[in-house]
Amino acid sequence: GATSDPTPFLEQALDLIVDVTGARQALIELRGEDEEVAAPAWWMARGCSSEDVEAIRAVISRGIIAEAHATGKTVFTPSALLDPRFRDRGSVRLHHVEAVLCAPIGSAPSLGVVYLQGDSERFDDEDRDLAELFARHLAPLVDRLLVRRQVREREDPTRPLRRQLRIDDVV
């Protein structure tokens, strides 16, 4: 919590939750209250190829991550392939999504999510409790990082123009 750069913070946090739960793939996404679900402020992944990250963020996020983000409740399923909420989603079938734990960071709408994926029936109630505890402890630190980001953006006189012209990557 002593850094303004979220990258090392997210790396350490993600390593911790992966070690504790034994997740095969993991993703932390952070977003401000006014941001669209498709555009996280920051994210970090473990055990995922770039294609996996895109699948999780772009496709699966419309179901599993979006539900956790919108409801403020943890999505916990031993197999997304068998879960009636998600089994009909093409992305779940295409990527053979099995055990999923997706805990919101903060209250609804959340500041982001901790998304954990494992092999069939990998997670249990203890893992869910750990993911929820992890997300609760992460929330105040995430809130601080997001507030700092908003302050920086308000102080940036070029921000409205870059947003209008969609040139955020141009220095």
Side-chain angles (χ1 to χ4, degrees), residues 1-33 35 37-81 83 86 91-92 95-150 152:
T3 181
S4 61
D5 178 9
T7 305
F9 167 69
L10 287 176
E11 286 175 346
Q12 292 172 3
L14 195 56
D15 288 343
L16 176 64
I17 194 65
V18 167
D19 287 346
V20 171
T21 63
R24 184 173 33 91
Q25 294 179 314
L27 172 76
I28 293 178
E29 256 191 18
L30 308 179
R31 64 185 74 255
E33 291 178 10
E35 294 182 51
V37 173
W42 294 299
W43 62 273
M44 179 74 55
R46 285 287 179 273
C48 305
S49 68
S50 58
E51 293 84 18
D52 291 336
V53 170
E54 287 306 311
I56 291 169
R57 288 182 60 228
V59 182
I60 296 170
S61 65
R62 292 190 195 122
I64 296 169
I65 291 175
E67 182 175 322
H69 180 67
T71 65
K73 295 181 180 174
T74 299
V75 174
F76 176 41
T77 183
S79 176
L81 285 167
D83 192 313
F86 310 112
S91 60
V92 169
H95 297 284
H96 303 287
V97 180
E98 292 286 346
V100 171
L101 259 172
C102 188
I105 299 169
S107 58
S110 69
L111 299 171
V113 295
V114 178
Y115 176 92
L116 305 170
Q117 188 175 317
D119 298 322
S120 182
E121 299 182 19
R122 167 61 192 111
F123 303 121
D124 57 21
D125 290 336
E126 183 179 344
D127 292 318
R128 184 191 60 225
D129 293 344
L130 288 170
E132 289 173 346
L133 178 66
F134 177 80
R136 271 195 309 277
H137 285 286
L138 201 58
L141 302 172
V142 167
D143 188 47
R144 178 176 162 256
L145 289 172
L146 292 172
V147 166
R148 281 188 170 196
R149 179 177 172 259
Q150 290 170 347
R152 272 195 323 268

Can you name the nearest heavy-atom pair linking [X] to [Y], along with the distance?
X	Y	value
Phe123	Leu116	CE1-O, 3.6 Å
Leu14	Met44	CD2-O, 3.4 Å
Val113	Ser110	CG1-OG, 4.3 Å
Asp119	Glu98	C-CB, 3.8 Å
Ala135	Ala103	CB-CB, 4.1 Å
Asp127	Val20	OD1-O, 4.3 Å

| Does the side chain to side chain contact (heavy atoms under 4.5 Å, CB included) test come out yes or no for Phe134 and Thr21, once each step is laid out? | CA-CA 11 Å; Phe134 177 80; Thr21 63; over 6 Å; no

| field | Counterpart residues, salt bridge (charged side-chain N to carboxylate O under 4.0 Å, His left out), relative to Asp15 (two or more places apart) | value | Arg46

Look up atom [atom1] in [X] and atom [atom2] in [Y], then write down how far apart they are to the nearest 0.5 Å.
X	Y	atom1	atom2	result
Ile28	Ile17	CD1	CD1	8.0 Å
Leu81	Phe86	CG	CZ	12.0 Å
His69	Leu111	NE2	CG	8.5 Å

| Pairwise side-chain contact, Gln25 with Leu27, heavy-atom cut-off 4.5 Å (strictly under) |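 No. Closest side-chain heavy atoms not under 4.5 Å.
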
| Are side-chain heavy atoms of Pro104 and Thr74 found at a separation under 4.5 Å? |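 Yes, at least one pair of side-chain atoms sits under 4.5 Å.
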
| Is a donor on one side and an acceptor on the other found under 3.5 Å between the side chain of Asp19 and the backbone of Leu16? | no

| field | Stepwise side chain to side chain contact (heavy atoms under 4.5 Å, CB included) check, Phe76 with Asp125 | value | CA-CA 9 Å; Phe76 176 41; Asp125 290 336; 3.5 Å; yes

